[in-house]
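Below: one structure, written as structure tokens.
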Amino acid sequence: MSEFLDLEAQDGIRMPWNVIPGTREDALSCVVPISAIYTPLKQVPDIPVLPYSPLRCRMCRSILNPFSIVDYVAKIWVCPFCFQRNHFPQLYSSISESNLPAELFPQYTTVEYISTAETGPVVPPVFMFVVDTCMIEEEIGYLKSALAQVVELLPDNSLVGFITFGTYVQVHELGFGLLPKSYVFKGTKEVTKDEMLDQMCFFAGKRKPTTGVIAGTRDGLSSESIARFLLPASECEFVIEELQKDPWPVPADQRASRCTGAALSVAASLLGVCVPGSGARIMAFVGGPSTEGPGSIVSKSLLEPICPHKDLDKDSAPLYDKAVKFYDQIAKQLVHQGHVLDVFACAVDQVGVAEMKVAIEKTGGIVVLAESFGHSVFKDSLLRIFQSSDNDLGLSFNGILEINCSKDVKIQGIIGPCASLEKKSPLSSDTVIGQGNTSAWKMCGLDKKTSLCLVYDIAKKDGSNTIGQAASGFDQEAAAAVMARLVSFKMETEADFDPIRWLDRALIRLCSKFGDYQKETPSSFSLSPRISIFPQFVFNLRRSQFVQVFNNSPDETAYFRMVLDREDVTNAVVMIQPSLISYSFQSGPEPVLLDVTAIAADKILLLDSYFTVVIFHGITIAQWRNAGYQDQQDHEVFAQLLKSPHEEADTIIRERFPVPRLVVCDQYGSQARFLLAKLNPSVTYNSDNSSHGGDVIFTDDVSFQVFMDHLMRLAVQ
């Protein structure tokens, strides 16, 4: 296990198979795809930063690296991908076996280059706040307070724009400080770029160009006309103070008239007109479902519910498909412009995150889902984006990822926050997974933790059988993270897909291939330590929120999957199989099995399931706490026992984004369900051995032991 973590620390990469099968047939029989989870901006200590441009192969454009074959006498290097011979330029004239450039050192498999002419001038980051005003005064108050804090934290050189929406879309002219001034657009229709240029007087007193794309100062827009809508952060606090509730009345039997889609369309077009190609984020703060215009997800009548999962499965949600198509167009526009869409959705009901998912994910945006703008999940997550600290996100803009492969390896695609640049090449596989059919991808927005799942295909048909060696390099955690992304992707894209059946069959095939057993003898079955925990990951993945959508809205499911698709292996494993720590008088904090038998009356449990952190008090502990023993001088040990899990929970919350929800509950209390839903139901209401002194789960789900018994029986057939 440690060698995989070392590889991740050095190169930001984890692979399920670290010994890659030699042929296509072997790769298919490995069940888990040949893939890698890669974090491009991973903070690597002591990474060399080279003050010149990379040296590329003239045939395949790959870069000089430690695996290149170098002829020091003839000053030639051979590309390890296409075997093209390349001459070293003058810069490398002093190269020799004792005088190597940093990119040829064996330990520097990842290096950074300081690019020069390619990057162009540095432009300030732009933040376009798109704010929903169809909310109660209390929610607007919470949001105003959060936005005021954010504006103070923005970098000094950043520019800010402001759009509010309700029944209509209002673009605020910030550069006109004498009195509030805004341009109003109808919420029932999309606004084209040309209409925006005319209505917002970008060419007042000047002749508008008749041909070509109009975008930015280089195409004739004066910087003064752009500065009307994008001001330095320090000068726009007055707009936040004047933020008011949408004035249009809402009948008691109807939802508010909210044109979220039209507002995002206006924001995208405005940024496309003013600052195309530069780092800009649309930060949308949404407090309810879109009911008006393009991208609406439900009618205004409260008699019509917002569609649940079962309606999506039956194809009986006509507005859903139209909304997804609309947001797909917005995604294409934003990717072309190089801009990012972030969504902060705070409401008890759905707001349309499931429909917006395509635009958020393709642009590399951030999504935060909470119940209210006053909730710590929203407030702390928003501040975390802009605060400078050890755990800051390190937001970056407009990255391009290119992948090069040897001739026997092809790329099927990427699952994660990026968009295909549709650069077709011989490296592209015929089988497409995620963003495929290309060897280059655009990442409009990414941060230090953004991780992509790259899925490969082995093209070689003949060769020696290497399947026996593959198991020695199997990384179970990376395999679980890849399978979670893959099953989520298939559930969204394949009709009538049965995720449980697919996962079970994959696990049975894997265990049949790599297990040790005598045929038809389940008791003889065993797995090597390299693979032995993988069945446990699959068992918990089958029960996770990525696969079991029951009791979750489409918005929640989309949110969980978007976060999974951008996190690294360590965080993905916590989402699949939460960690459980026990605190008691007898011993210090210790990890325990994710099982109902871990519950005891005199213990405190700390569950970390990534999105939720639960502190669970056994019934005796809860009674002592309610009696106030922790405040008495003789009971300092008890006071410390109560404090320890809270300190650990604070540490977890401080390091995580989005900020998780903290749930503090007691045994037999209503919120104990947050813990019980994640535990292995080894003791249920119909078990024989229910006298262990812990708790009982009222469920018909199979326990892990029953799951393993069935797996062994089927694997040895």
Side-chain angles (χ1 to χ4, degrees), residues 142 145 370-372 374-381 383-384 387 389-391 574 577-685 687 689-698:
Y142 290 141
S145 148
E371 292 169 7
S372 157
H375 201 289
S376 62
V377 170
F378 164 72
K379 291 193 297 186
D380 295 348
S381 297
L383 291 178
R384 183 76 50 82
Q387 273 173 339
S389 68
D390 295 340
N391 302 315
V574 174
Q577 181 170 300
S579 66
L580 190 63
I581 299 172
S582 170
Y583 296 79
S584 68
F585 290 113
Q586 288 77 32
S587 62
E590 56 179 3
V592 289
L593 287 175
L594 193 67
D595 194 289
V596 66
T597 53
I599 295 174
D602 60 347
K603 285 183 180 175
I604 301 175
L605 296 177
L606 175 67
L607 176 90
D608 176 13
S609 65
Y610 194 86
F611 299 101
T612 313
V613 175
V614 183
I615 297 174
F616 175 93
H617 302 96
I619 190 67
T620 307
I621 298 276
Q623 287 166 349
W624 290 346
R625 183 204 60 214
N626 294 341
Y629 287 175
Q630 69 277 14
D631 302 325
Q632 297 176 16
Q633 281 190 339
D634 302 343
H635 294 92
E636 286 97 343
V637 176
F638 179 58
Q640 185 56 43
L641 181 67
L642 286 178
K643 216 164 96 179
S644 297
H646 283 272
E647 289 169 352
E648 179 62 27
D650 288 344
T651 306
I652 292 168
I653 289 168
R654 231 184 358 259
E655 294 172 355
R656 185 161 297 163
F657 183 89
V659 170
R661 175 181 179 180
L662 178 65
V663 176
V664 181
C665 61
D666 299 336
Q667 190 176 2
Y668 308 126
S670 64
Q671 292 202 305
R673 65 185 189 278
F674 284 99
L675 173 74
L676 297 177
K678 297 290 181 186
L679 298 181
N680 168 36
S682 59
V683 183
T684 66
Y685 67 96
S687 300
N689 57 333
S690 56
S691 59
H692 69 291
D695 217 329
V696 171
I697 294 183
F698 291 89

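For the numbers below, each heavy atom of this structure counts, side chains included, while hydrogens, waters and symmetry mates do not.
Nearest heavy atom pair, residue Ser609 against residue Lys678, reads CB-CE, 4.1 Å. Of all the heavy atoms in Ala601 and Gln667, the pair that sits closest is CA-OE1, 3.9 Å.
Atom OH of Tyr629 is surrounded by 12 or fewer heavy atoms from other residues, nucleotides or ligands within 6.0 Å. By the 6.0 Å contact criterion, CG on Leu593 is open, its count of non-hydrogen atoms from other residues, nucleotides or ligands being 12 or less. Shown here is Phe585, whose CZ atom has more than 12 heavy atoms of other residues, nucleotides or ligands within 6.0 Å.
Residues Val659 and Lys379 fail the side-chain proximity criterion, which asks for heavy atoms closer than 4.5 Å. Taking 4.5 Å as the limit, some side-chain heavy atom of His617 sits within range of a side-chain heavy atom of Leu642. A 4.5 Å side-chain heavy-atom check between Pro578 and Leu594 finds at least one atom pair inside the cut-off. Considering only heavy atoms from C-beta on, Lys643 stays 4.5 Å or farther from Glu648 through its side chain. With contacts defined as side-chain heavy-atom distances shorter than 4.5 Å, the pair Phe674/Cys665 does not qualify. Using a 4.5 Å cut-off on side-chain heavy atoms (C-beta onward), Tyr583 and Leu606 make contact. Side-chain contact between Gln623 and Ile621: absent, with no pair of heavy atoms (C-beta onward) separated by less than 4.5 Å. Between Pro660 and Thr612 there is no side-chain heavy-atom pair separated by less than 4.5 Å.
Atom CG of Leu641 and atom CD of Glu636 lie 13.5 Å apart (nearest 0.5 Å). To the nearest 0.5 angstrom, Gln586 atom CD is 7.5 Å from Lys603 atom NZ. Rounded to the nearest 0.5 Å, atoms CG (Leu675) and CD1 (Ile599) are 5.0 Å apart. If you take CG on Asn680 and CD on Gln577, they are separated by 10.0 Å, rounding to the nearest 0.5 Å. Note that the CH2 atom of Trp624 and the NE2 atom of His635 stand 8.0 Å from one another [nearest 0.5 Å]. The distance from the CZ atom of Arg656 to the CZ atom of Phe611 is 9.0 Å, given to the nearest 0.5 Å.
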> Please walk me through it: do Ile615 and Ile604 pass side chain to side chain contact (heavy atoms under 4.5 Å, CB included)?
Replying inline: CA-CA 7 Å; Ile615 297 174; Ile604 301 175; 4.0 Å; yes

>> side chain to side chain contact (heavy atoms under 4.5 Å, CB included) for Val592 and Ile581? Distances and angles first, verdict last.
In response: CA-CA 6 Å; Val592 289; Ile581 299 172; over 6 Å; no

> Checking side chain to side chain contact (heavy atoms under 4.5 Å, CB included) for the pair Ile697/Val683: CA distance, chi angles, key distance, verdict?
Replying inline: CA-CA 6 Å; Ile697 294 183; Val683 183; over 6 Å; no

>> As a quick check of understanding, evaluate side chain to side chain contact (heavy atoms under 4.5 Å, CB included) for Gln630 and Arg625, giving each step before the final call.
In response: CA-CA 6 Å; Gln630 69 277 14; Arg625 183 204 60 214; 3.8 Å; yes

> Run the side chain to side chain donor-acceptor pair (under 3.5 Å) check on Ser682 and Asp595 step by step: do they pass?
Replying inline: CA-CA 7 Å; Ser682 59; Asp595 194 289; 2.5 Å; yes

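Between the side chain of Ser381 and the backbone N or O of Pro658 there is no donor-acceptor pair closer than 3.5 Å. One N or O on the side chain of Arg384 and one on the backbone of Arg654 form a donor-acceptor pair closer than 3.5 Å.
Here Glu590 pairs with nothing under the salt bridge (charged side-chain N to carboxylate O under 4.0 Å, His left out) rule; sequence neighbours left out. Partners of Ser579 under the side-chain contact (heavy atoms from CB on, under 4.5 Å) rule, at least two apart in sequence or in another chain, are Asp608.
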